[in-house]
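Scroll down for the structure; my scribbles are underneath it.
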2 protein chains.
Amino acid sequence: MLSETSETTRRRDQDTVTKTDERQALDSKLAAIYEPVANDLLQAEEVFNQEIGSDVAFVEELTSRVRRYQGKRLRPALLLLTGKAVGNVNRDHHVLAAVVEMIHIATLVHDDVLDDAALRRHVTTVNAEWGNEASVLLGDFLFTHSFHLAASLESTLACRLIGQATNRVCEGELHQIARRGCFELSESEYIDIIAGKTAELISCCCRLGAHFAGASDEVTDSMTEFGREIGIAFQIADDVIDLTSSEATAGKSLGSDLLKQKTTLPLIRFRQTAEPDVLERFRNLFEHPESADRTQIARDLNQSDALSYAHGKAAEFAARAARRLDALPRSSARDVLESLTRFVADRVA
Amino acid sequence: MLSETSETTRRRDQDTVTKTDERQALDSKLAAIYEPVANDLLQAEEVFNQEIGSDVAFVEELTSRVRRYQGKRLRPALLLLTGKAVGNVNRDHHVLAAVVEMIHIATLVHDDVLDDAALRRHVTTVNAEWGNEASVLLGDFLFTHSFHLAASLESTLACRLIGQATNRVCEGELHQIARRGCFELSESEYIDIIAGKTAELISCCCRLGAHFAGASDEVTDSMTEFGREIGIAFQIADDVIDLTSSEATAGKSLGSDLLKQKTTLPLIRFRQTAEPDVLERFRNLFEHPESADRTQIARDLNQSDALSYAHGKAAEFAARAARRLDALPRSSARDVLESLTRFVADRVA
């Protein structure tokens, strides 16, 4: 019989394998979904790699690590698919797709510093291998390269829109920090926060995709809203996944958000609907996430409608996004955008 | 008689007072030097404050702290003075002066995270008061706002030049990290590093100042070189000051660069000219900066020509910069630029 310690290790390894399998299945599924813009994604990747090339060997070492962070590529894919659904994808789209992915990766590099994360997409993070100093500077390096790349376009429009979006992303992240530890956060303030920190950049991708394919102002506005709504759906789903991962459901961690006292939609719903004794247990856990007994709360949470409520909200925003697509003519790219609205709300990893 | 502990405290307090006095004297001296663009600096400050305004109370709290970081304002002053020396300062100059100061402050905010600094310009740092997470995000917020502001100009030229400069600043900083702990760093690699991390942005300021005042390509190029050279002089002087501050000369810290195993010009010269026994002591201190005996090395260093050699190099770059000004007609702004070349090389704080 295995000792408790090796049993724990075995389970953790099993969780990691399951997570890896889930992720790989997800990546293949997405690659198939992105098929209409597969070639454009490759061209964007080439622009990306060219922009961050450096003569300094250490910089090359760092950037080759972050090239392996490439994950769902949701932002460049949405930019290219929107362009394709509106008209033709051109060189500007490839450049801008590289820009938005670079911004996203810059935020991931800084997130890993803040979270003290050791792994991302199964590779050792920059901070774990080279320290926080290199990571903060690498994130800055990616930010400034993304703006430099955006400035290679003819007009300042893309720079302005991207600047505006990233301003709001940072503001949203700071807003979230300010409200951390706030047990009573309302649903509407939560939506405000994620509309900033996540949906703004995704919305900007769809706006840029449409505009640079020559869309009318009306269509561009519809696609901007499409991006905002799919972005909100995406983040709500992410916050649900944080609580439904195998570790969390077993009560082992109950999710990293709760550990960091981030109040997400499922937790807001749980708080609003819990009976007094459950609410007291929950408040205790929220205030002392490291020391409280998690197993009972994990059970309470799974018995409540909190997760399905949040999932329903994600589906609602996704459905609203799907209706925005009525502004576009039927095409395979539009079909993909529609299937992505379902994908982001229903995904499990 | 004072006990050793309170004597140490008294000395430290005395050092702080001396530093504060030195800084305040410096600020008044600079304010007098900047007189020809005093009003333009105020207008740039207004643009700066307007750009970083936010509806999120926490963001306002953070940004009002960094507004107090305002120090030498060397970058906006150089941009405006160059503009004035070439022709007329206009609205674009005010915007760009705000942009370069914002970028500079973003790098300071991130530097304070990396250095775990508690004070900057006599106020508590953002990281010391609100933690590293808020500081990393605030730095990002300032970076993205600076690019957003640069994109408010009509052409993409400023965005491209600023993007290029900040790319090199980050690359220079990463290059420095890669070479940290390298006892044998050569003078030319040191110059490469500071040309990137410090001189690129200052050079960009002078280029922008000249270009947006309608300078010819030839004059713009001269001013770009002027900025590069005054920037290198500035950084060498900074690295000398790190070793000549009252704390360092007493052997108490021997400067923060040495503590972080950063090889600066005076240290390179010291290594190159030291007798074998001194060299051994120095290598031992460099490799174990926390544990080695500093008093003897402080004495060795002060007896060597390392500090005067580095100071001489700073003066050399400053003199080269001054000669670039021959490309400009005589004016009070040009006189100020010339006096600044002496100021940056000769300053003591």
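Note on naming: letters A, B, ... go to the chains in the order of the sequence lines (proteins, then strands), and numbering restarts at 1 for each one. Not measured: the values here are computed from a predicted model. Basis for what follows: all heavy atoms, side chains included, without hydrogens, waters or symmetry-related copies.
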Donor-acceptor table for chain B and chain A, threshold 3.5 Å:
unit_1, atom_1, unit_2, atom_2, d
B:Ser54, OG, A:Glu171, OE2, 2.4
B:His110, ND1, A:Asp140, OD1, 3.1
B:His110, ND1, A:Asp140, OD2, 2.8
B:Glu133, OE1, A:Arg180, NH1, 3.2
B:Glu133, OE1, A:Arg180, NH2, 3.3
B:Glu133, OE2, A:Arg180, NH1, 3.1
B:Asp140, OD1, A:His110, ND1, 3.1
B:Asp140, OD2, A:His110, ND1, 2.8
B:Thr144, OG1, A:Gly163, O, 3.3
B:Thr144, OG1, A:Thr166, OG1, 2.5
B:Thr144, OG1, A:Asn167, N, 3.2
B:Thr144, OG1, A:Asn167, OD1, 2.9
B:His145, N, A:Asn167, OD1, 3.2
B:His145, ND1, A:Asn167, ND2, 3.4
B:His148, ND1, A:Asn167, ND2, 3.3
B:Gly163, O, A:Thr144, OG1, 3.3
B:Thr166, OG1, A:Thr144, OG1, 2.5
B:Asn167, N, A:Thr144, OG1, 3.2
B:Asn167, OD1, A:Thr144, OG1, 2.9
B:Asn167, OD1, A:His145, N, 3.2
B:Asn167, ND2, A:His145, ND1, 3.4
B:Asn167, ND2, A:His148, ND1, 3.3
B:Glu171, OE2, A:Ser54, OG, 2.4
B:Arg180, NH1, A:Glu133, OE1, 3.1
B:Arg180, NH1, A:Glu133, OE2, 3.1
B:Arg180, NH2, A:Glu133, OE1, 3.3

Testing the basics here: between B:Leu174 and A:Phe58, what is the closest heavy-atom pair and its distance to 0.1 Å? O-CD2, 3.3 Å

Closest approach of A:Val100 and A:Pro76, non-hydrogen atoms and distance? CG2-N, 4.0 Å

Which atoms of A:Leu62 come close to chain B, meaning under 4.5 Å heavy atom to heavy atom: side chain ones, backbone ones, both, or neither? side chain

Once you round to the nearest 0.5 Å, how far does CG of B:Leu149 lie from CG of B:Leu142? 11.5 Å

Between B:Phe183 and B:Phe286, is a ring pair (Phe, Tyr, Trp, His ring centres under 6.0 Å) present by the stated rule, with each step listed? CA-CA 7 Å; B:Phe183 189 65; B:Phe286 185 80; 5.3 Å; yes

Minimum heavy-atom separation for A:Ala44 to A:Ala97, with atom names? CB-CB, 3.7 Å

If I take atom CD1 from residue B:Ile105 and atom CD1 from residue B:Ile52, how far apart are they, to the nearest 0.5 angstrom? 7.5 Å

Pick from A:Leu137, A:Val113, A:Val56: which one has the most heavy-atom pairs with chain B under 4.5 Å? A:Leu137

A:Phe147: what forms a ring-ring contact (aromatic ring centres under 6.0 Å, His included) with it, not counting sequence neighbours? B:Phe147

